[in-house]
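One structure is given here, and the rest of the page talks about it.
Both backbone and side-chain heavy atoms feed into the values below; hydrogens, waters and symmetry mates do not. Throughout, residue positions are numbered sequentially from 1 according to the sequence presented.
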Amino acid sequence: MTELTLPHHPFGTDISDTDIVAQMQNASGWEDRYRTVIQLGKKLPVMAEEDKDEQLKVSGCESQVWLRHQQVGDHFYFQADSDARIVRGLITLVLAAYHGKTRTEIGEFDIDGYFDSLGLIAHLSPSRGNGLKAIVEQIKQLAS
């Protein structure tokens with residue numbers, strides 16, 4: 001595995017949870033939201049193949065998802081990737097909420113309220129919804 005220096009991505013810094021909520025609320029219907037999620041996923045850096053280690057896999061996801069983290073001072077930074085386009089997009093929603101935050105900020109963030117405001121969960125298959133929750137839980141564990 002390469003040395004843990006995570007690549008810069010805009011989620012949690014240039015693109016915040018507030019930005020994503022605004023984009024989703026401006027979307028006209030589920031298909032438009034779906035396209036927005038796919039477009040956001042294209043902005044997520046691809047994880048190097050040698051970094052897609054078995055121990056970095058998020059269990060509970062139907063697709064393959066890898067999650068790395070780095071703590072710098074009190075702040076946590078994340079890199080994640082998936083073999084599925086829609087899941088890469090869903091990862092961006094989570095990273096916008098948690099990337100660069102402190103343990104306290106991660107613990108106090110109302111992720112359920114955030115997902116509700118995006119209007120997505122009801123349109124995801126149960127396995128995708130469970131996978132999304134598994135990614136959130138893994139981030140919370142890493143930050144605890």
- Item | Distance-only donor-acceptor check, side chains Thr104 and Thr102, under 3.5 Å | no
- Query: Is the number of heavy atoms from other residues, nucleotides or ligands within 6.0 Å of NZ (Lys133) greater than 12?
  - Reply: no
- Message: Donor-acceptor pair, distance only, cut-off 3.5 Å: does the side chain of Arg85 make one with the backbone of Gly41?
- Response: no
- Message: Quick check on the hydrophobic clustering: are Val65 and Val136 connected, directly or via other members, by side-chain heavy-atom contacts under 4.5 Å?
- Response: yes
- Message: Between Asp19 and Ser16, do the side chains contain a donor N or O and an acceptor N or O under 3.5 Å apart?
- Response: yes
- Message: Using 0.5 Å steps for rounding, measure from the CD1 atom of Ile15 to the OG1 atom of Thr92.
- Response: 7.5 Å
- What is the distance from atom CE of Met47 to atom CG of Asp83, rounded to the nearest 0.5 Å? 12.0 Å
- Between atom CD of Gln23 and atom CG of Leu118, what is the distance when rounded to the nearest 0.5 Å? 10.0 Å
- Query: Mind checking whether Leu132 and Ile38 sit in one hydrophobic cluster, side chains of I, L, V, M, F, W, Y counted as touching below 4.5 Å?
  - Reply: yes
- Here the gap from Leu95 atom CG to Leu90 atom CG, rounded to the nearest 0.5 Å, amounts to 11.0 Å
- Report yes or no: do Val46 and Val58 belong to one cluster of Ile/Leu/Val/Met/Phe/Trp/Tyr joined by side chain heavy-atom distances under 4.5 Å? no
- For Gln79, the option from His9, His8, Arg68 that meets side chain to side chain contact (heavy atoms under 4.5 Å, CB included): Arg68
- Can you get from Trp66 to Leu142 by hopping between Ile, Leu, Val, Met, Phe, Trp and Tyr side chains that sit under 4.5 Å apart? no
- CG of Asn26 to OG1 of Thr36, rounded to nearest 0.5 Å, is 9.5 Å
- Task: Check whether the ring centres of Tyr98 and Phe109 lie less than 6.0 Å apart, and answer yes or no.
- Result: yes
- Task: Decide yes or no on salt bridge (Lys or Arg N to Asp or Glu O under 4.0 Å) for Asp81 and Arg88, but give the supporting numbers first.
- Result: CA-CA 6 Å; Asp81 202 354; Arg88 284 179 55 80; 2.3 Å; yes
- Item | Rounded distance [0.5 Å steps], CG in Asp112 versus OG in Ser117 | 11.0 Å
- Message: Has Glu108 got a side-chain atom pairing as donor or acceptor with Asp110's backbone, closer than 3.5 angstrom?
- Response: no
- For the residue pair Phe76 and Phe78, does the interplanar ring angle fall in the parallel (under 30°), tilted (30 to 60°) or perpendicular (over 60°) class? parallel
- Query: Do Tyr77 and His99 have their ring centres less than 6.0 Å from each other?
  - Reply: yes
